[in-house]
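Notes follow the structure.
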Amino acid sequence: MKVPALDFSDVVPFPGFDVSSTLPFPYRPFRAGRYTMTMGIRKMPEDDWLVIDNLYLQEQELRRHLLRTNREGVLQCLPKAEEACKEALQAIVDFLTKRFPLHFQLPKDRPGYIHNAITDRTFRIAEPLQQHPLEIAAQLVMEDINLLMQGVGEHPNEYYLQASYSMAPAGWYIQERIGWPLWRIHHPVPMWNEKLRKPMEKFFLGLKVSSPVQRNNYFMQMDDTMFQQDPFPDSWPCPPKIEDIRIRHERQTLRRLPRTRAVMFMVRTYLTPVTDLVDEKDNLWAFREAIRAWPLEMAKYKGRHVWGKVFEDWCQEVLGDYVPSDDGDVERSRSLGAA
Ligand code: HEM
């Protein structure tokens, strides 16, 4: 029986969408209170699967540059994932042409092609393809694309990273970790084994085609590097300036592809100067509380010893004795992606 493709018939078209005036969504993925390590997943509204904003052209340039100059570093695909990559491309094409009909079109006079009207580039999407499916997909979306599969490694119940296009790796080399199971990919993450391994493995086995989810996370960094393969530095020559400190946050989505059963893990990375929070006292307060609440091992993993004092001093200057007035503020940050 032929398995139908992902169904985007309920996705609401957004023809009036203006790329150049749409700012990146202001995720504030932090919450005050005791630190608990959880998966932090929530339901993903289908319309929001792939997002586009005014950084599109600039990031597309970086994507093409990396494909030209460091192909191995951005694109990896193991043989068992070739079909899943094609299925992922089809899903991306189906979604984008439905959601952003003015920006992504299937030209009637050129069947088998998609036209990206934002970059003015056209790609063949029917067999035989002229480029790797992930290379085409990466030139349509703003998210990094990872495909994980079951039944391709030593343990039948584990998921293994089988393909990736990653313009914004958060301190890892895809050419090293390709083929690794989830637990091994996460081995540098403190507490992961005790707290997240079991729930995550169960989640991957049970993920339904009809129930895509999203989550947010964040790191800190001292410059604007998106393509960050080396681990985040453990020391800095002199204390960083507050203007240099960035919140590197990710919006991640997970969904299952119906035909190959691969799990598609998409990651959009945002770099926000912490000084952008100067007028968001409630969010800045919650952020400082969240960072203070990290267990020592998490603080070390996220490099708090590098930027923490500069950040604390600045928060003191901006916040003084400020405390949010009620829980409504916490609700607000939750709605903007707090994990
Ligand atoms: C429900 C799914 C997932 C959860 C709950 C999760 C959780 C985490 C957590 C807690 C961290 C530490 C950073 C932080 O505090 O946020 C992390 C890091 C990371 N995750 Fe995941 N993750 C998930 C899926 C994945 C998948 C599918 C991949 C495959 C590419 C992946 C790749 C990574 C990498 C490369 C890091 C950085 C590790 C390092 O420091 O070297 N994650 N993840």
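Just so we're clear, the structure is a prediction, and the values are computed from it rather than from any experiment. Counting starts at 1 for both ligands and their atoms, in listed order. Position 1 is the first residue of the sequence, and the numbers go up from there.
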Q: Would you verify whether the NZ or CZ of K281 falls within 45 degrees of the ring axis of Y322 while also being under 6.0 Å from that six-membered ring's centre?
A: yes
(Q) Is it true that Q214 and R251 share a donor-acceptor pair across their side chains at a distance under 3.5 Å? (A) yes
**Q.** Between Q221 and R246: side-chain donor-acceptor atoms closer than 3.5 Å
**A.** no
Q | D144/R63 ion pair, N-O < 4.0 Å | A | yes
Q. Atom OH in Y173, atom CD in Q228: separation rounded to 0.5 Å?
A. 8.5 Å
Return a table of N or O atom pairs, ligand 1 on one side and protein on the other, at distances under 3.5 Å, rounded to 0.1 Å.
unit_1	atom_1	unit_2	atom_2	d
ligand 1	15 (O)	K302	NZ	2.9
ligand 1	16 (O)	N217	ND2	3.1
ligand 1	20 (N)	H186	NE2	2.8
ligand 1	22 (N)	H186	NE2	3.0
ligand 1	40 (O)	Y301	OH	2.4
ligand 1	41 (O)	R177	NH1	3.1
ligand 1	41 (O)	R177	NH2	2.8
ligand 1	42 (N)	H186	NE2	2.9
ligand 1	43 (N)	H186	NE2	2.9

(Q) Taking the cut-offs as 6.0 angstrom to the six-membered ring centre and 45 degrees off its axis, would you call R304 and W294 a cation-pi pair? (A) no
